[in-house]
Every structure is written in structure tokens, then in C-alpha cells.
Amino acid sequence: MAAGQNVISDAKSVLNMSITVTVSAQKPPAPPGYISISRKKLLQNLEINAGARVNAWVDSMRASSPTHIKSTPSLSDDHGSWNQHHPSALEMFEQIIDASNGKQIVMFLDYDGTLSPIVEDPDRAFMSKKMRKTVRKLAKCFPTAIVSGRCRDKVYKFVKLAELYYAGSHGMDIKGPEKRSKSNKDSESVLFQPASEFLPMIDEVYKQLIETTKSTPGAKVENNKFCLSVHFRCVDEKKWSELAQQVKSVLKEYPKLRLSQGRKVLEIRPTIKWDKGKALEFLLESLGFANCSDVFPVYIGDDRTDEDAFKILRDRGQGFGILVSKFPKDTSASYSLQEPDEVMDFLRRLVEWKQVRAQSRM
């Protein structure tokens, strides 16, 4: 761990701003040999293309719902094959432990859908007391981090465990546990915020989205500090296209922000090269495992945004990812668990294994 408070807020080194091409409304003269297209025709084509893009987004929004994943032939028709490639982490527990032999296990956990169930009201996504107790015991055995799309302060209020590392806003707001040294009463912690310069823009877009989406019943805009979430879990599916158009109409004025999606949520984030995978690498480095071969990271998550972390682990050839899902999905995770209750069972088994191992060495 770096001594003192390690504050990094300069995002210039990680920025990868997208280039926006603006079509001028003024009609230029057609070069020789080219067919001139009227402005009216051009606008009609743009409207058609824009409509196609919105329809594509709506199709993607439908695909993010587990109830619709079952209708995907390429995945649902071969559930058994998917399970062979992504077996249950509970059933494969002994093999997982064997793979970690002689290495330091480091745990990374998503929050929504992993430690807590997915609920209609995101403000009521509480984790159970049993899960909190399990995670507390886990953190005593292994370095443990919560990596969430939520605002870091908000996910901390849900988890309520000061001994963990927290990476909020999809890893754009990272803080480690505060530790007081005997010689220094001041607390020491890791702090990393690569998107600080975007805060005014995020606040501005948040206010616009609140105003723009208020006509869509059930839509909820959540300010996660360094990113925004537009929840459509309680929106009638017939209104999804309207909601997608509303969100994209706001974002067209902000080329430095990008739109992605997760489970019944549209995510707005700065266009910087930073995600949950980068957050995982940063935390490993902060813990002193940057170039170590004896580290075994385990990342458990249920969302599309967790795929960035799964891919990092696969590329590193260290540790593994566990996807939390009841349905087959395209994933870079190695194993699977069906729901938060199974996640809790897996974490408990890890703790029990660690405790037994520690006692056998005494």
C-alpha cells in the first residue's frame, strides 16, 4: 500500500475523447461527377438512420432483461453446453482452490445483483444481514473490494463495512480503507478519481435528464457522481423507445460522454479509457500485486460492465471471473453462480477453507 494519501485526479493520461463529426446544415456545391442530394432528402435520410439507431438500442434494452434472454436461440437452445464452458463455481470449488494454491487470493465483488438482489427501486437494493456478515468475514481473510456502477458513497451506505476497498462510478471513484499508523494519527488511504474534470458536465446532464425524462412514467435518473444511470425497470416496455430517444437527445450535445447499458439501466459515462477492468488493475497495483505471479484475483459480477474485469483476468491469465446469472449469456467469465444466495454460499466456503487452512498451520 502506498504511504500517505495517494490522490490522483489528473485524467489527461487516460482520456480517449471521441471525435464528433458535425454535418453542416448549409448545402455545399456538388463536385463535378457527383450527384447532388437535396437538403430535404439528406434530413430524411438522417431521420431514418437515427430511427434505426434508436430501434437498435431498444432491441439491446430488451436483450438486457433476463426474461428476454430465454428467447435468444443461440444461447437458450444449448444451456447444457453453456454450463460446460461456465460451470458452477460451487460445484468446481475444489478445482478453484487447487488453482489458487500458493497464491494470494484477492476478492472483487459487484454490488447490485451480486451482493444484493435486483429490485424495482434502486434506492432499496439492501444487502441482507447474513450477506454483510459473510463479506465482513471474507475481508478478514482476503483483501476485498466492492466494484460498482453506483456512487461510491451510496454503495458504502449499503454495505457499511469500513475495512473494504470501494470503487464506485464503474471504477472512476476509488477509495481504500482508512488505516491509522501508530506514529501518525492521520488516516491513510488510497484515493483515485480519474474523471474529476467531468463533474460539472455530469451535474449539468443530470439536471437535463431529470427534466427530459419526467414525461416517461417509471423512469428514474440516478446521479452516481462520475456517471449517470437512467433506470427503466419500472417503465412500460412500449415506452422504452421514447425513453431511449429522450436520453440520446440530451447526449447529442455532449460528445465527451458515452452511452452504454446494463440490466434495465442506461449508463452515461465520460469517454475516458477507464472501466471496472482498469479499476481492478489499479487496486491490484495499490495492494502491491502489479507484476506478481503469486496473486489470484477473483471477480464476481452480474452485469455487462463486469465483462471488462472478466476480460482483464482472462488476458492476464490470473485468477478468474464468475458471472452471476440464471440464464446463459455471452461472457468472458470462467465460472457461474445463479443468484446472490449462491454468491454468499461461495464466499462462505472460501472463508471456511481459509480458516481450516490457518488452523492446520498452527
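In what follows, residues are counted from 1 in the order of the sequence shown. Only this structure's heavy atoms are used, side chains among them; waters, hydrogens and symmetry mates stay out.
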[X] versus [Y], closest heavy-atom pair with distance:
X    : Y    : result
Q318 : S293 : NE2-CA, 3.7 Å
S100 : I105 : OG-CD1, 3.8 Å
L161 : R132 : CD1-O, 3.8 Å
A279 : I174 : CB-CD1, 4.0 Å
T134 : V351 : O-CG2, 4.5 Å
A139 : L164 : CB-CD2, 3.4 Å

Mind checking whether [X] and [Y] have side chains closer than 4.5 Å, heavy atoms only?
X    : Y    : answer
D330 : E307 : no
L109 : L138 : yes
Q193 : R152 : yes
L350 : F93  : yes
M131 : S116 : no
D306 : V324 : no
L209 : L251 : no
Q104 : D294 : no

Does [X] reach the main-chain N or O of [Y] with its side chain, forming a donor-acceptor pair under 3.5 Å?
X    : Y    : result
S88  : L90  : yes
Y111 : A125 : yes
N224 : F226 : no
S332 : F310 : no
T213 : T216 : no
T271 : K256 : yes

If we ignore angles and hydrogens, is there a donor and acceptor under 3.5 Å between the side chains of [X] and [Y]?
X    : Y    : result
T305 : E267 : no
Q95  : Y335 : no
Q246 : S215 : yes

Could you check whether the rings of [X] and [Y] sit parallel, tilted or perpendicular, using 30° and 60° as the cut-offs?
X    : Y    : answer
F142 : W353 : parallel
F282 : F192 : parallel
F108 : Y299 : parallel

Between [atom1] on residue [X] and [atom2] on residue [Y], distance to nearest 0.5 Å:
X    : Y    : atom1 : atom2 : answer
I300 : F346 : CD1   : CZ    : 5.5 Å
K278 : M172 : NZ    : CE    : 14.0 Å
R349 : I96  : CZ    : CD1   : 9.0 Å
L228 : C151 : CG    : SG    : 11.0 Å
R304 : K276 : CZ    : NZ    : 13.0 Å
L323 : H86  : CG    : NE2   : 7.5 Å

**Item:** Sequence neighbours excluded - salt bridge (Lys or Arg N to Asp or Glu O under 4.0 Å) pairs with any residue from residues 213-222
**Value:** D123-K220, R150-E222, K154-E222, E211-K214

Please say yes or no: joined through hydrophobic side-chain contacts below 4.5 Å, possibly via intermediate residues, are [X] and [Y] part of one cluster?
X    : Y    : answer
I322 : L115 : yes
V119 : V230 : no
Y166 : L191 : no
I146 : F289 : no
M92  : M344 : yes

**Request:** Could you tell me whether E285 atom CD has more than 12 heavy atoms of other residues or ligands within 6.0 Å of it?
**Result:** no

**Prompt:** More than 12 heavy atoms of other residues, nucleotides or ligands under 6.0 Å from CD of E120: is that the case?
**Reply:**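 Check fails, neighbour count at 12 or below.
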
**Request:** Run the numbers on V265 and R233 for side-chain contact (heavy atoms from CB on, under 4.5 Å), then give the verdict.
**Result:** CA-CA 7 Å; V265 62; R233 184 166 297 277; over 6 Å; no

**Request:** Please name the residue in the list D303, D302, D112 that meets the side-chain hydrogen bond (donor to acceptor under 3.5 Å, both in side chains) test with R263.
**Result:** D302

**Item:** Residues I272, F198; criterion side-chain contact (heavy atoms from CB on, under 4.5 Å); working and verdict
**Value:** CA-CA 10 Å; I272 65 174; F198 290 93; 3.6 Å; yes

**Item:** M107 vs Y165, side-chain contact (heavy atoms from CB on, under 4.5 Å): CA-CA, chis, key distance, verdict
**Value:** CA-CA 10 Å; M107 299 299 301; Y165 292 83; over 6 Å; no

**Message:** For V135 and M127: C-alpha separation, side-chain torsions, deciding distance, then whether side-chain contact (heavy atoms from CB on, under 4.5 Å) applies.
**Reply:** CA-CA 10 Å; V135 175; M127 68 189 300; 4.2 Å; yes

